[in-house]
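Note that the structure is predicted; figures quoted are calculated from it, not measured. Values reported hereafter were calculated over all heavy atoms of this structure, with side chains retained and with hydrogens, waters and symmetry mates removed.
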Amino acid sequence: MSFPLLTATAVVPALGAVATAAVPAAKRTAAKWLALIVSLATLALAITVLVRFDPDGGRYQLTESHAWIADFGVRYELGVDGIAVALLALTALLIPFIVLAGWHDADPLETGSRRWRPTQGFFALILAVEAMVIISFEATDVFLFYIFFEAMLIPMYFLIGGFGDRAHEHGEAAASTQRSYAAVKFLLYNLVGGLIMLAAVIGLYVVAGNFSLQEIAQARANGSLHMATSTERWLFLGFFFAFAVKAPLWPLHTWLPNAMQESTAPVAVLITAVVDKVGTFAMLRFCLQLFPEASKWATPVILVLALISIVYGALLAVGQRDIKRLVAYASISHFGFIVMGIFAMTSQGQSGATLYMVNHGISTAALMLVAGFLISRRGSRLIGDYGGVQKVAPVLAGTFLIGGLATLSLPGLAPFVSEFLVLVGTFTRYPVIGVIATFGIVLAALYTLVLYQRTMTGPVKPEVSDMPDLRVRELVVVTPLIVLLIFLGVYPKPVTDIVNPAVKQTMSDVHKTDPKPEVEAAK
């Protein structure tokens, strides 16, 4: 029996979470190092998966299948395609940086006081989320996916509500109230989506008789499983609603700004760069593969919602006073591009959307973590409380600028390639949607450059005059992310080579081919 590599990538952080939580309270530093070591071990396993994966091989590789709840057709089935491998690698890559960036975020609030937060719990919850996200990317049994799709809400709830940002202009009592509100809103929105999806999962079992993604998709492809048009559409809507909440897609997005505002910067990165990717990934893996006709039926409405997300998120980002809320609304705009690329039903659009998931994770992590370092120094999230930072902390300002330029998709940085592919892929089939979506690029330049101008340039405000520059630990966090942004901006081929075969399979699932270019006949 071969080594269960995919299981190991999820079990290692899960066991690490348990071990970290069990570290004695007086050994906080040991808990931090244990969490970091476990996250690096998980990264090593993810790299092994990446190396062993053959882009030109079968659709699902490194598969594992074991009986679980046999009476109900539930199996423990894992397998990865190129899209899952790319997102698994992204998740495993970001977690060590999240752990390092949050090194002091759960330290006691006051020495010798009851006002302290369990450091061990903070890092254990991060590892627990990592384990659940990874197995969500690997699961090819719909019921297995659903369990972890929902289970990850619990550790995220405690990370938002119990370990929120200390920078609050109205004091700790108000901060605690706002954190609780944000955590409950996050949980309720996603639970409602999950309950609707559960009804759809049960409906799928009634129709198909099992939960195996591969068996159901194969049965649909060869005609042995017939699904009434109305049934398929209702099941599609049940799945899509849950994924749209997680994504987050307008108008189901309102939980995200609150959650990111009240979280620490590393947890905010965990939300938008890791957890939210499960929603857009699931649209590709489950919606398009299980319900191809319903996906095409819903495409016009979904593209309009994605377009609203792009423009609406960017417009609201322009007017934000809070740094974290600005990044949150920018992410809503970016997720609009991802969803638009998925449902443009072109190979360029879906390749760009998958690449965008990876690049957005890296660029948002870079910008948000540097913003977190900035906020921790000043003790404020408000943009107006800064000014002239580049004169006293030039390295911090420089990395903040690169992260911001990546957010606006500057050519030469990684997000540009993915955004370009999404727009090209959309324009070839839906030119009006593609043209309007480009307005989001203009707004992205506006909110990013205005943010940099107001925080980093101009006269040095007295409150930031003695602000220290990035420390060694912070440089270790930021530097690799900046390098990746530049490398993938110049040479995205390593990622596209992995995801393109999976995209072709997805296009085949929905029976779509790229539109032929209209060439004017020679006179």
Side-chain angles (χ1 to χ4, degrees), residues 5 8-21 23 28-51 85-107 119-135 137 152 155-156 159 163 263-275 277 357-373 376 399 403 414 470-485 487-488 495:
L5 184 57
T9 59
V11 167
V12 167
L15 293 179
V18 174
T20 302
V23 173
R28 290 193 305 273
T29 302
K32 297 175 184 179
W33 280 106
L34 177 59
L36 180 60
I37 291 170
V38 169
S39 67
L40 290 173
T42 306
L43 176 58
L45 288 170
I47 292 172
T48 305
V49 171
L50 192 62
V51 170
V85 165
L87 294 175
L88 189 156
L90 171 70
T91 301
L93 173 71
L94 291 181
I95 296 301
F97 298 127
I98 289 172
V99 170
L100 269 177
W103 202 252
H104 298 298
D105 285 355
D107 287 348
T119 304
Q120 293 86 338
F122 178 76
F123 293 101
L125 289 170
I126 290 175
L127 292 176
V129 172
E130 179 182 25
M132 294 175 185
V133 169
I134 285 175
I135 205 165
F137 290 142
M152 70 179 72
M156 285 306 310
L159 283 169
F163 299 92
S263 300
T264 63
V267 173
V269 171
L270 189 64
I271 294 170
T272 191
V274 176
V275 171
K277 298 300 187 301
M357 287 187 239
V358 175
N359 292 337
H360 173 264
I362 300 170
S363 62
T364 298
L367 179 62
M368 196 70 199
L369 293 178
V370 177
F373 299 149
S376 67
T399 52
L470 292 183
R471 302 178 179 91
V472 174
R473 173 179 60 85
E474 296 165 337
L475 285 171
V476 170
V477 170
V478 174
T479 302
L481 297 175
I482 298 297
V483 171
L484 275 173
L485 286 174
F487 175 77
L488 293 178
V495 180

Task: Close side-chain approach of F123 and V38, heavy atoms under 4.5 Å - done: no
Task: Side chain to side chain, V274 and L87, heavy atoms closer than 4.5 Å - done: no
- [ ] List the atom of A86, the atom of V358, and the distance in Å for their closest heavy-atom pair.
- [x] CB-CG2, 4.1 Å
Task: CD-CG distance between E130 and L88, expressed to the nearest 0.5 angstrom - done: 9.0 Å
Open item on the list: Minimum heavy-atom separation for A101 and R473, please, with both atom names.
Closed with: O-NH1, 3.6 Å
TODO: Evaluate side chain to side chain contact (heavy atoms under 4.5 Å, CB included) for M357 paired with L90, printing each intermediate quantity in order.
DONE: CA-CA 9 Å; M357 287 187 239; L90 171 70; 5.7 Å; no
TODO: Taking all heavy atoms of S263 and all of A268, pick out the closest pair and write down the distance.
DONE: CB-N, 3.9 Å
Task: Shortest non-hydrogen contact between V477 and P480, atoms and distance - done: O-CD, 3.7 Å
Open item on the list: Contact between T264 and F122 at the side-chain level, heavy atoms closer than 4.5 Å - yes or no?
Closed with: yes
Task: Side-chain touch H360/T272, heavy atoms, less than 4.5 angstrom - done: yes
Task: P155 vs M132 side-chain heavy atoms within contact, under 4.5 Å - done: yes
Task: Between OG1 on residue T9 and CG on residue L43, distance to nearest 0.5 Å - done: 11.5 Å
Task: Value rounded to 0.5 Å, distance of CG in L481 from CE in M368 - done: 14.0 Å
Open item on the list: Restricting to non-hydrogen atoms, name the atom on N359 and the atom on A414 that form the minimum distance, rounded to 0.1 Å.
Closed with: ND2-O, 3.0 Å
Open item on the list: Using the side chain to side chain contact (heavy atoms under 4.5 Å, CB included) definition, which of the options L367, L100, V370 pairs with V478?
Closed with: V370
Task: Side chains of D105 and V267 in contact at under 4.5 Å (non-hydrogen atoms) - done: no
Open item on the list: Could you go through F373 and L470, starting from their C-alpha distance and side-chain angles, then the distance that decides it, and tell me whether this counts as side chain to side chain contact (heavy atoms under 4.5 Å, CB included)?
Closed with: CA-CA 8 Å; F373 299 149; L470 292 183; 3.9 Å; yes
Open item on the list: As an exercise, state the distance from CD1 of I271 to CE of M156, rounded to the nearest 0.5 Å.
Closed with: 4.0 Å
Open item on the list: Tell me the closest heavy-atom pair linking L94 and A273, and the distance in Å.
Closed with: CD1-CB, 3.8 Å
TODO: Mind checking the CD1-CG spacing from I362 to L93? Nearest 0.5 Å is all I need.
DONE: 6.5 Å
- [ ] Could you give me the CA-CA distance, side-chain angles and deciding distance for I126 and T20, then say whether side chain to side chain contact (heavy atoms under 4.5 Å, CB included) is met?
- [x] CA-CA 10 Å; I126 290 175; T20 302; over 6 Å; no
- [ ] Output yes when a side-chain donor or acceptor of S39 lies under 3.5 Å from a complementary backbone atom of L36, and no otherwise.
- [x] yes
- [ ] Give the intermediate values and the outcome of side chain to side chain contact (heavy atoms under 4.5 Å, CB included) for residues Q120 and L34.
- [x] CA-CA 10 Å; Q120 293 86 338; L34 177 59; over 6 Å; no
Task: Residue pair I95 / V99, side-chain heavy-atom distance below 4.5 Å - done: yes
TODO: Please round to the nearest 0.5 Å and tell me the distance separating atom OG1 of T42 and atom CG of L127.
DONE: 7.0 Å
Open item on the list: Taking the side chain as everything from C-beta on, heavy atoms only, tell me whether H104 gets closer than 4.5 Å to R28.
Closed with: no
